[in-house]
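Below, all heavy atoms of this structure are taken into account, side chains as well, without hydrogens, waters or symmetry copies. Predicted model, so just to flag it, every value in this text is computed and none were measured.
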Amino acid sequence: MKANKLWKKVAGMGLVLMLSATALAGCGGGSTTEGGAKGTPAAAGTGTLAKIKERDKFVVGVKYDLNLFGLKDPATGNVEGFDIDIAKAIAKKVLGDENKIELKEVTSKTRIPMLKNGEIDAIIATMTITEDRKKEVDFSDVYFLAGQSFLVKKDSSINSLKDMQKGMKIVTAKGSTSAKNIRASAPDVEVLEFENYAEAFTALKAGQGDALTTDNALLYGMAKQDPNYRVTEETFTEEPYGIAISKGDAEFVKTVNDLLKEMKENGEYDKIYEKWIGTKPKK
């Protein structure tokens, strides 16, 4: 009888151990993950690069209203510019075909939210790298260096920041660093913000402002559209443009940085720069 009781006790303990092991495995206590591969994190393969390859398309946020960088032709529907050519180069690098891109319009106000909610893979939209923005997104290396200036009528007396006087109205785009910079540099002027630079330029031409301020690279595009306006020569900031990528996605940041380095070394970057800006980049 004693031997029989002992056997039952041992068998019961074995059953408990088996059930415990099964429960642990079901709770993820083992080394198998959701993907079924041992030792592989569940989040592996879900970064931007993997999503682009799985989709077979690079979805990028660009401006539609900036001549030379991203401008949509209303007749053809095509969007062209410096930023677009950089986007095509990334698509070619990752997918082997520069045409495997989908362009989505962004503004200075909407671009970060669209990246964070997954609507786009990256932002290539004349976006200045700032410490505040680094808290929300990661940036590539600088792909274009601009400086803030003014667009004015050809006969305007405004030639630099020192000509800003109390009572003047300066137009710019909502959510841009340009608005923040001009308020800090010329606190006596009134700053009027519009949804985008196309609306700001329209407002300037309608007499709603004395000058339009943003990066000189963008202003050159506006002056090219209307020869009645000119860009002041002096810049009062440095505006390093970066490609914005989802926070923490080091793999895609490295992919983009490697490409930018390669383009600058093989001369492809210089060709794109000269094509749109009209001069070779300063070394």
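Ser178 and Thr213 are not linked by any side-chain donor-acceptor pair at a separation below 3.5 angstrom, with hydrogens and angles left out of the test. Residues Thr232 and Glu234 bring no donor and acceptor atom of their side chains to less than 3.5 Å of each other.
By the salt bridge (Lys or Arg N to Asp or Glu O under 4.0 Å) test, Asp210 pairs with no residue at all, sequence neighbours left out. Lys261 is linked by a side chain to side chain donor-acceptor pair (under 3.5 Å) to nothing, counting only residues two or more places apart in sequence or in another chain. Residues passing the side chain to side chain donor-acceptor pair (under 3.5 Å) test with Lys134 are Glu131, sequence neighbours excluded. Contacts of Asp97 classified as salt bridge (Lys or Arg N to Asp or Glu O under 4.0 Å), with partners at least two apart in sequence or in another chain: none. With sequence neighbours excluded, no residue forms a side chain to side chain donor-acceptor pair (under 3.5 Å) with Thr235. With sequence neighbours left out, Lys174 forms a side chain to side chain donor-acceptor pair (under 3.5 Å) with Glu195. Applying the salt bridge (Lys or Arg N to Asp or Glu O under 4.0 Å) criterion to Lys254, with sequence neighbours excluded, gives Asp258. Residues satisfying the salt bridge (Lys or Arg N to Asp or Glu O under 4.0 Å) test with Asp132, not counting sequence neighbours, are Lys135, Lys180.
A distance of 10.0 Å separates CD1 of Ile272 from NZ of Lys88, quoted to the nearest 0.5 Å. Between the CD1 atom of Ile123 and the NZ atom of Lys63 there is a distance of 10.0 Å, given to the nearest 0.5 Å. The distance from atom CG of Asp215 to atom CD of Glu239, rounded to the nearest 0.5 Å, is 4.5 Å. Considering CG of Asp85 and CG of Asp83, their distance stands at 9.5 Å, rounded to 0.5 Å.
Counting all heavy atoms, side chain and backbone alike, Met127 lies closest to Ala244 at SD-CB, 3.8 Å.
Counting only residues at least two apart or in different chains, ring-ring contact (aromatic ring centres under 6.0 Å, His included) contacts with residues 164-211 comprise Phe201-Tyr229. Evaluation of the salt bridge (Lys or Arg N to Asp or Glu O under 4.0 Å) test over residues 143-163, restricted to residues two or more places apart or in two chains, returns none. The ring-ring contact (aromatic ring centres under 6.0 Å, His included) contacts involving residues 136-193 comprise Phe69-Phe144, Phe82-Phe144, Phe144-Tyr241, Phe144-Tyr273, Phe150-Phe236, where partners must be two or more places apart or lie in separate chains.
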Please list, one pair per line, the donor and acceptor atoms closer than 3.5 Å that link side chains of residues 184-193 to other protein atoms, with sequence neighbours excluded.
| residue | atom | partner | partner atom | Å |
| --- | --- | --- | --- | --- |
| Ser185 | OG | Asn181 | O | 3.0 |
| Glu193 | OE2 | Arg183 | NH1 | 2.9 |
| Glu193 | OE2 | Arg183 | NH2 | 2.9 |

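Among the candidates Lys100, Arg55, Lys51, the single residue satisfying the salt bridge (charged side-chain N to carboxylate O under 4.0 Å, His left out) test with Asp121 is Arg55.
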Worked verdict on Asn78 versus Glu80 for side chain to side chain donor-acceptor pair (under 3.5 Å): CA-CA 6 Å; Asn78 295 332; Glu80 296 182 328; 5.2 Å; no
